[in-house]
Amino acid sequence: MNAADAALPRSFFERDALAVAPELLGKVLVRRAPEGTRAGRIVEVEAYRGEDDPASHAFRGPTPRTRTMFGPAGHLYVYFSYGMHWCANVVCAPPGQAAAVLIRALEPIEGVEAMTAARPGARRPVDVANGPAKLCEALGITGVDDGADLVVGDRAIQVLDDGTPAPDAPGVGPRVGISVAVDHPWRWFDAGSPFVSRAPARSAVTRA
DNA sequence: CTTTGGATCGTCT
DNA sequence: GACGATCCAAAGG
């Protein structure tokens, strides 16, 4: 984290989630706390849209749980999954539309020791934040952080641009863990990063 | 290496 | 009452 690191403007998020998602690769998700700062570079994301996306929590209109998704862009949408995990999204789209980008994996870059300590189950360094629930545990993100404004950092959680460009040719593929709309290639990841939640498709790799 | 099943509970039908 | 935008350990090849 350097002084030159800049928060992304609201306008960055007020666009189609399909446009925002790949551009989020390379950005930094930061959590500041009295005990120290924890941060990771975003290496994997998935886009979820609104009424035209059956896999999206916003598909059936606003509910108490998804109200953040229907709110202003640039906020954090955190939901509880499988009775034990938290997952974090960045709310996108112009006002009036509901969409979000799920952060699926991070490369730990600051407060690595604290992140690792927060994940006793991680066997290897790459396992600390290579999954949507894992990164929330590593950064200490829970339901109380739902609604945090990532642009102004009102709750010490932000998405920063440290000058690192998004990958020129990111990996693309279907979203993970869904049972509908499985044909949409709305998952993007840094194909060269060992910190993604799943390795690139084996079929696409030519063996020497 | 891949596959399978258990954990665990809020949310929406 | 069923089902997850998951993770992990254990069992099978």
Side-chain angles (χ1 to χ4, degrees), chain A residues 13 16-18 20-22 24-25 29 40 42-71 73 75-93 97-106 108 115-147 150 159 171-189 194-205 207-208:
Chain A
F13 302 103
D16 191 317
L18 269 49
V20 176
L24 237 22
L25 296 177
L29 180 62
I42 299 171
V43 297
E44 180 180 346
V45 296
E46 283 177 359
Y48 287 86
R49 303 219 290 182
E51 58 184 17
D52 65 335
D53 181 5
S56 173
H57 289 167
F59 183 60
R60 297 179 189 283
T63 66
R65 173 177 67 151
T66 62
R67 77 192 189 298
T68 299
M69 257 187 97
F70 287 82
H75 287 249
L76 193 69
Y77 165 51
V78 182
Y79 70 92
F80 194 49
S81 178
Y82 289 95
M84 65 191 87
H85 299 301
W86 298 101
C87 294
N89 302 253
V90 175
V91 176
C92 296
Q97 295 179 38
V101 173
L102 172 70
I103 310 298
R104 283 197 57 90
L106 300 176
M115 292 175 72
T116 303
R119 293 225 63 234
R123 306 242 167 212
R124 309 164 301 165
V126 293
D127 293 325
V128 169
N130 63 346
K134 297 178 187 177
L135 87 254
C136 281
E137 188 169 33
L139 292 183
I141 292 173
T142 69
V144 303
D145 300 304
D146 180 52
L150 302 170
V159 176
V172 184
R175 293 172 291 181
V176 174
I178 56 173
S179 57
V180 294
V182 295
D183 49 312
H184 295 118
W186 290 351
R187 170 179 179 243
W188 288 268
F189 54 96
F195 296 92
V196 299
S197 69
R198 296 190 178 187
R202 293 293 141 69
S203 56
V205 178
R207 217 167 314 190

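Just so you know, these numbers use all the heavy atoms, side chains as well, and skip hydrogens, waters and symmetry mates. Small disclaimer: the values here were computed from a predicted structure and weren't measured. Residue numbering restarts at 1 for every chain, and letters A, B, ... go by the order of the sequence lines.
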Using whole Å, what does the distance between atom [atom2] of nucleotide [N] and atom [atom1] of [X] come to?
X	N	atom1	atom2	result
A:Ile178	C:dC3	CD1	C1'	15 Å
A:Met84	C:dG4	CE	P	15 Å
A:Tyr77	C:dA5	OH	C1'	9 Å
A:Arg198	C:dA5	CZ	P	14 Å

Go through [options] for me and flag the one nearest to the [X] side chain.
X	options	value
A:Arg119	C:dT6, C:dA5, C:dC7	C:dC7
A:Ser56	C:dT6, C:dA5, C:dC7	C:dA5
A:Tyr82	C:dT6, C:dA5, B:dT8	C:dT6
A:Lys134	B:dT8, C:dT6, C:dC7	C:dC7

When you measure from the side-chain N and O atoms of A:Arg123 to the phosphate of C:dC8, is any distance below 4.0 Å, counting only OP1 and OP2? no
Is A:His85 close enough to C:dC7 that one of its side-chain N or O atoms is under 4.0 Å from OP1 or OP2 there? no
Under a 3.5 Å distance rule, please check whether A:Asp146 uses its side chain to pair with a backbone N or O of A:Gly143 as donor and acceptor. no
Using only atom types and a distance under 3.5 Å, with no angle test, would you say the side chain of A:Ser56 pairs donor to acceptor with the backbone of A:Gly50? no
Test A:Glu44 against every option in A:Arg175, A:Arg198, A:Arg187 by the salt bridge (charged side-chain N to carboxylate O under 4.0 Å, His left out) rule and name the one that passes. A:Arg187
Determine the contact category for A:Leu102: base if any of its heavy atoms lies under 4.0 Å from a base atom, sugar-phosphate if only primed atoms, P, OP1 or OP2 are that close, otherwise nothing.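 Base contact - A:Leu102 has a heavy atom under 4.0 Å of at least one base atom.
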Categorize A:Ala133 for me: base, sugar-phosphate, or nothing, with a 4.0 angstrom heavy-atom threshold over every strand shown. sugar-phosphate
Under the side-chain contact (heavy atoms from CB on, under 4.5 Å) rule, what do A:Trp188 and A:Leu18 come out as? Steps first, then yes or no, please. CA-CA 10 Å; A:Trp188 288 268; A:Leu18 269 49; 4.3 Å; yes
Please report the shortest heavy-atom distance between A:Ala99 and A:Ala93, naming the atom on each side. CB-CB, 3.9 Å
Contact summary for A:Val172 and A:Phe189, nearest pair of heavy atoms: N-CE2, 3.8 Å
Defining pairs by Watson-Crick or G-U wobble geometry with both distances under 3.5 Å, how would you list the stems of DNA chain C with at least three pairs each? B:1-7 with C:6-12, B:9-12 with C:1-4
Using the side chain to side chain donor-acceptor pair (under 3.5 Å) criterion, which residues pair with A:Arg123? Sequence neighbours excluded.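 Listed in chain order: nothing, the list is empty.
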Hey, what are the protein-to-nucleotides 10-13 of chain B N/O distances that come in under 3.5 Å?
residue	atom	partner	partner atom	Å
B:dC12	OP1	A:Thr63	OG1	2.2

Taking the six-membered ring for Trp, are A:Trp86 and A:Phe80 parallel (under 30°), tilted (30 to 60°) or perpendicular (over 60°)? tilted
